[in-house]
Number of protein chains: 2
Amino acid sequence: MPRLSNAKEQIMDRARRLLQSHGFEGFSYRDISSQLGIKNAAIHYHFPTKSDLGQALVEDFCEETRQQIAFARENLTVRKQLDAYFERMAQEFDRDNSLCPVGAMTTSLGTISDSMRNSLNQLSALVVDWLTETLEKGRNNGDVEFSGDARSKAIQISAAMQGARQLSRLNCSNQVERVAGQFKEELYKEPS
Amino acid sequence: MPRLSNAKEQIMDRARRLLQSHGFEGFSYRDISSQLGIKNAAIHYHFPTKSDLGQALVEDFCEETRQQIAFARENLTVRKQLDAYFERMAQEFDRDNSLCPVGAMTTSLGTISDSMRNSLNQLSALVVDWLTETLEKGRNNGDVEFSGDARSKAIQISAAMQGARQLSRLNCSNQVERVAGQFKEELYKEPS
DNA sequence: CGGGTAACTTACTTACATGTAAGTTAGAAC
DNA sequence: GTTCTAACTTACATGTAAGTAAGTTACCCG
């Protein structure tokens, strides 16, 4: 039995996929260990409790999102930032039919640890805050067009993306692109 | 021990609440039986397998939705129909922080029976079809305003409502009304 | 009032999930 | 080459879920 070179990473990678397709309570250490050819207890060595694993996963999502947002903010115009966001949502779904982390955890909100819930909240806020800021900026410089409060629009968009990924899994077709396309048509009505 | 007068209904009522707050795999027969003061096996008498219970629940949702749509179609103007839909989403959430059935089941799609999945699909299609038809009708008679394909708009709206209920549970505030308000502002821009 | 059936309870099986404790092995470090 | 430790495995404990079979009770019907 050759040992895994980077067990922790491999465990998190599997857990991540399982989380995004079956939810937090929808997978077990067994699912992970059997896929990696190791034993259950090996996972407990790296993540003593499932809550520890979940916490690590959500923090990972946060970090990744933070980096993507930081990059977008510094390097892209408003429209390119929004395009990249829509594109990422569609691609993530296309790759493996995955849910967004927040959507995948909503049914588990009652059972997860406070710290996990907190990180999830941060993750959601990260996206909404960035969207709000970007939409506002775009409206000011004429890049995008929409009515009402920028934060309301941001919440509307992020909720729709989350829901679209779920609906897409149900009827086996990528509605993410379709919903994104609808938003783009509305936001970009007047060519910049 | 006084027997329950209408056990089947009471079981379904409890199951429905549990489903919409914890997901299909997030509750057990034990949760229901303890709440009703009966034994686990009593539920198995009415619903031999959990799949039978789930099936009954989803079909119930379908029936209820069909009736609401039929009533709306026959008695309400386009704007009143949409208002009623938005209102219902917000109220359902306000009442008990519940998820919409489709949203509550997305993480279980891999494990539920084909017939359940099928009914869920029907439920989702019911709403989207009605929304599509209503939006199209409204655009033709000037009640509502939006750009692009009516079905895309319908999917966008229903996905956003589903997502909004989930986000609302996460950050403990009713974002459903907010998102609905944003849609209304956009759809009703020109007073009819 | 006696019997049959619907609606249960009791008691059990099987399977699986989380988690712990103690023992084992591979490899780096000296 | 021995030793120390990280990274495991083996074995077990506990809890809980789904489901079944057989027995029990309440009640309506003739």
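Each chain gets a letter, A, B and so on, in the order its sequence line appears, and its residues count up from 1.
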Starting at atom [atom1] of [X], determine the distance to atom [atom2] of [N], rounded to an integer number of angstrom.
X: A:F47; N: C:dG19; atom1: CZ; atom2: P; result: 13 Å
X: A:I11; N: D:dA6; atom1: CD1; atom2: C1'; result: 13 Å
X: B:Q10; N: C:dC8; atom1: CD; atom2: C1'; result: 14 Å
X: A:H44; N: D:dA13; atom1: NE2; atom2: C1'; result: 13 Å
X: A:Y29; N: C:dA17; atom1: OH; atom2: P; result: 13 Å
X: B:Y45; N: C:dT9; atom1: OH; atom2: P; result: 12 Å
X: B:E9; N: C:dA7; atom1: CD; atom2: C1'; result: 14 Å
X: B:E25; N: C:dC16; atom1: CD; atom2: C1'; result: 13 Å

Practice task
Could you encode protein contacts along nucleotides 10-15 of chain C as a string, one character per nucleotide from 5' to 3', using B for base contact, S for sugar-phosphate-only contact and - for no contact, with a heavy-atom cut-off of under 4.0 Å?
Solution key: B-----
Problem - Non-hydrogen atoms of A:F24 and A:G54 that approach each other most closely - result: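 Heavy atoms only, the tightest pair is CE1-CA, 3.6 Å.
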Practice task
Ignoring the backbone of A:S28, work out which of D:dA7, C:dG19, C:dA17 is nearest its side chain.
Solution key: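 The listed nucleotide nearest to A:S28's side chain is C:dA17.
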Exercise for the section: With the side chain counted from C-beta on, respond yes when A:R139 and A:F146 share a heavy-atom pair under 4.5 Å apart, and no when they do not. Expected result: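 Side-chain contact under 4.5 Å: yes.
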Exercise for the section: Would you indicate whether the side-chain heavy atoms of B:Y85 and B:T134 approach each other to under 4.5 Å? Expected result: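 Contact flag for B:T134/B:Y85 side chains = no.
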Practice task
Give a yes/no answer on whether the side chain of A:H46 brings an N or O atom under 4.0 Å of OP1 or OP2 in D:dC8.
Solution key: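 Yes, within the criterion.
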Only pairs under 3.5 Å count here: list side-chain donor-acceptor contacts from residues 69-77 of chain B, not counting sequence neighbours, and write none if there are none.
from, atom 1, to, atom 2, distance (Å)
B:R73, NH1, B:E133, OE1, 2.3
B:R73, NH1, B:E133, OE2, 3.0
B:N75, ND2, B:F71, O, 2.8
B:T77, OG1, B:K80, N, 3.2

Practice task
Check the angle between the aromatic planes of B:H44 and B:Y29 and answer parallel, tilted or perpendicular using the 30° and 60° thresholds.
Solution key: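 Tilted.
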Handout entry: With sequence neighbours excluded, residues passing side chain to side chain donor-acceptor pair (under 3.5 Å) with A:R178
Key =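 Listed in chain order: B:D149, B:S152.
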